[in-house]
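Accompanying notes for the structure given below.
Numbers here are sequence positions counted from 1. Any value given below was found using the heavy atoms of this structure, including those in side chains, with hydrogens, waters and symmetry copies removed.
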Amino acid sequence: RSPLYYESGAFRERDSLLWSMPALTMVDKTRASKVLEFIFEHHSANAGQNVHYLDGRVLFPGFALDQIAAYFIALESYIDATEDYDILNRGNIREILPFLEGIIDDRYDEGVGLYSTFLSPSGHPAVHPFVTYDNVLVWKAFSIMDRLNRIMENFSIGRYFEEKADMLRDKIFHHGIVEVGGKKIFAWSTDGRGGHRIYNDPFGSLALLSYFGFVEENDRVYTNTLEYLYSKEYKYYLSDAVFDELACSHHPNTLSTLGLCAGLLSPGRERALKHIKRMPMDSGLFCERVDPDTGVVRSGTAFAAGAGLLAWALLQGE
């Protein structure tokens with residue numbers, strides 16, 4: 001709510017469900033339950049649209065696939081932390097889940113076997129319609145729905161979601177892997193016809209593929225991907241900076257602190273933790289971007305959702 005934040009008073013599903021919800025659940029399970037029910041009730045009608053007003057109306061349109069998947073991931077995260085399975089019977093969550101699945105299915109391309117997005121996780125138009133990270137989150141959403149349907153004893157659909165998840169996983173490996181310098185890595189996005197983009201968006205980092213369970217930490221393609229991103233071959237790796245971390249195409253000269261959070265949830269945890277401990281950021285408060293040499297805030301002050309993600313990510317290694 002701080003007026004210091006550039007989107008004060010607005011709502012993003014990604015920020016609230018993927019970044020804030022796990023930390024909120026840690027400190028106040030009752031409030032987390034109420035927040036989750038409110039989001040499902042008031043925001044799901046416009047699920048996936050870039051930015052909402054607090055009451056659920058669309059403020060900035062533009063479809064983002066990761067924001068749809070965030071509903072499923074946040075719900076599982078809450079249930080795992082609280083064992084409150086009854087939340088599935090409160091409000092209208094049970095009825096909204098198939099509605100959200102329908103929105104995802106509308107983005108399915110039968111010829112490619114992947115799901116398209118208009119906006120990347122950073123909120124900018126995607127260069128290609130099929131973003132690897134986004135499709136991994138959809139895979140995660142289908143895997144969660146397979147589990148939730150067993151919990152809800154909805155046995156009539158059988159292996160429906162398990163099969164959807166398996167097919168999507170195969171297509172991600174088929175379309176989303178390219179060879180760079182003789183090594184196979186995950187591409188950021190693809191057009192489904194052989195065109196790829198080699199990139200990483202800190203708002204939805206490829207470093208998180210192991211955290212979401214899509215690959216093991218020692219998966220060769222995954223480790224090759226991280227090695228490439230943290231090499232001088234990758235143009236947005238600030239290799240000569242004091243805080244040698246990843247930037248992005250829209251802010252090539254500043255370091256993304258969200259990328260550091262992703263690092264904490266990946267095999268690069270020790271590296272990210274070393275940087276975070278030394279960064280002053282915004283007089284000790286979490287912010288969105290910092291100067292790569294001083295660690296001082298450059299933009300995105302009072303970044304509350306990011307602070308929630310940082311708190312959660314820090315505790316995962318304890």
Side-chain angles (χ1 to χ4, degrees), residues 13-14 16-18 21-22 25 32-33 36-37 39-41 43-44 47-48 63-110 112-117 121 130-177 186 204 206 208-217 219 221-222 265 316:
E13 292 147 320
R14 175 188 312 113
S16 295
L17 294 170
L18 287 184
M21 185 57 64
T25 304
S33 170
L36 194 56
E37 290 176 50
I39 292 173
F40 267 81
E41 179 180 355
H43 291 276
S44 60
F63 182 80
L65 186 60
D66 62 319
Q67 299 210 130
I68 291 281
Y71 284 86
F72 301 89
I73 294 169
L75 183 59
E76 181 184 54
S77 174
Y78 169 82
I79 290 174
D80 285 345
T82 65
E83 297 186 352
D84 177 18
Y85 296 101
D86 188 57
I87 193 171
L88 297 169
N89 299 315
R90 296 200 296 272
N92 50 2
I93 288 178
R94 185 187 287 259
E95 292 73 26
I96 288 172
L97 290 173
F99 169 74
L100 296 173
E101 183 207 351
I103 297 176
I104 293 175
D105 285 345
D106 286 343
R107 310 299 301 192
Y108 182 66
D109 186 298
E110 292 187 3
V112 178
L114 296 174
Y115 296 80
S116 67
T117 189
F130 309 110
V131 174
T132 300
Y133 170 84
D134 286 3
N135 276 271
V136 167
L137 262 59
V138 172
W139 166 84
K140 181 68 172 177
F142 290 158
S143 301
I144 291 168
M145 279 303 298
D146 179 59
R147 174 189 173 191
L148 293 182
N149 273 289
R150 290 197 299 273
I151 292 171
M152 295 184 290
E153 298 184 345
N154 186 10
F155 301 119
S156 61
I157 63 172
R159 298 179 60 245
Y160 172 73
F161 282 106
E162 180 185 356
E163 291 173 351
K164 288 183 76 167
D166 288 346
M167 287 190 294
L168 178 55
R169 181 185 178 87
D170 290 343
K171 292 297 183 180
I172 293 171
F173 280 117
H174 177 72
H175 292 289
I177 295 177
F186 284 105
L206 292 172
L208 293 171
L209 298 193
S210 63
Y211 168 70
F212 287 117
F214 185 72
V215 295
E216 298 292 335
E217 285 194 354
D219 178 86
V221 177
Y222 174 67
L265 297 168
Q316 296 318 292

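Identified under the salt bridge (charged side-chain N to carboxylate O under 4.0 Å, His left out) test for residues 69-83, with sequence neighbours left out: E76-K140, E76-R147, D80-R147.
Across all non-hydrogen atoms, the minimal contact from R94 to N89 is NH2-OD1, 2.6 Å. Smallest separation of non-hydrogen atoms from F212 and W139: O-CZ3, 3.5 Å. For the residue pair L97 and M152, the shortest heavy atom distance occurs at CD1-CE, 4.5 Å. Scanning all heavy atoms of the two residues, the minimum distance from L206 to Y222 falls at O-CE1, 3.5 Å. Residue P121 comes nearest to G204 through the heavy atom pair CB-N, 3.8 Å, listed as atom of the first residue, atom of the second, then distance. In this structure, A47 and L100 approach most closely via the heavy-atom pair CB-CD2, 3.5 Å.
The main-chain N or O of S116 is found under 3.5 Å from a side-chain atom of R107 such that the two form a donor-acceptor pair. No donor-acceptor pair under 3.5 Å is formed between the side chain of R14 and the backbone N or O of A70. A donor-acceptor contact shorter than 3.5 Å is absent between the side chain of E13 and the backbone of I68. S210 places no side-chain N or O within donor-acceptor distance of the main-chain N or O of E217, the cut-off being under 3.5 Å.
Atom CG of D106 and atom CZ of F63 lie 8.5 Å apart (nearest 0.5 Å). Between the OH atom of Y85 and the OH atom of Y78 there is a distance of 11.5 Å, given to the nearest 0.5 Å. Taken to the nearest 0.5 Å, the CD1 atom of I103 stands 11.5 Å off from the CD atom of Q67. Within the model, atoms CG of N149 and CZ of F161 stand 5.5 Å from one another, a figure rounded to the nearest 0.5 Å. Between L75 atom CG and L36 atom CG the span is 5.5 Å, to the nearest 0.5 Å. Between atom CZ of residue R90 and atom CD1 of residue I87 there is a gap of 5.0 Å, rounded to the nearest 0.5 Å.
In this view, Y115 and Y108, F142 satisfy the ring-ring contact (aromatic ring centres under 6.0 Å, His included) rule, not counting sequence neighbours.
Within the 4.5 Å cutoff, side-chain heavy atoms of T25 are placed close to those of T82. Counting heavy atoms from C-beta on, the side chains of K171 and V112 never come closer than 4.5 Å. You'll find the side chain of V131 stays beyond 4.5 Å of the side chain of L65, heavy atoms only.
For the residue pair D66 / Y133, no side-chain donor-acceptor distance below 3.5 Å is found, with atom types taken as modelled.
The six-membered or imidazole ring of F40 lies near that of Y71, with a centre-to-centre distance under 6.0 Å.
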Step-by-step side chain to side chain contact (heavy atoms under 4.5 Å, CB included) determination, L17 to I73:
CA-CA 8 Å; L17 294 170; I73 294 169; over 6 Å; no
For salt bridge (charged side-chain N to carboxylate O under 4.0 Å, His left out), just list the numbers for K164 and D105, CA-CA rounded to whole Å, side-chain angles, deciding distance to a tenth of an Å, and then say yes or no.
CA-CA 11 Å; K164 288 183 76 167; D105 285 345; 2.8 Å; yes
Test side chain to side chain contact (heavy atoms under 4.5 Å, CB included) on V215 and V221; report intermediate values, then the result.
CA-CA 9 Å; V215 295; V221 177; over 6 Å; no
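A side-chain contact (heavy atoms from CB on, under 4.5 Å) with H175 holds for exactly one of L114, T132, N135; it is L114.
Sparse packing is recorded around CD of E216, with 12 or fewer heavy atoms of other residues, nucleotides or ligands lying under 6.0 Å away.
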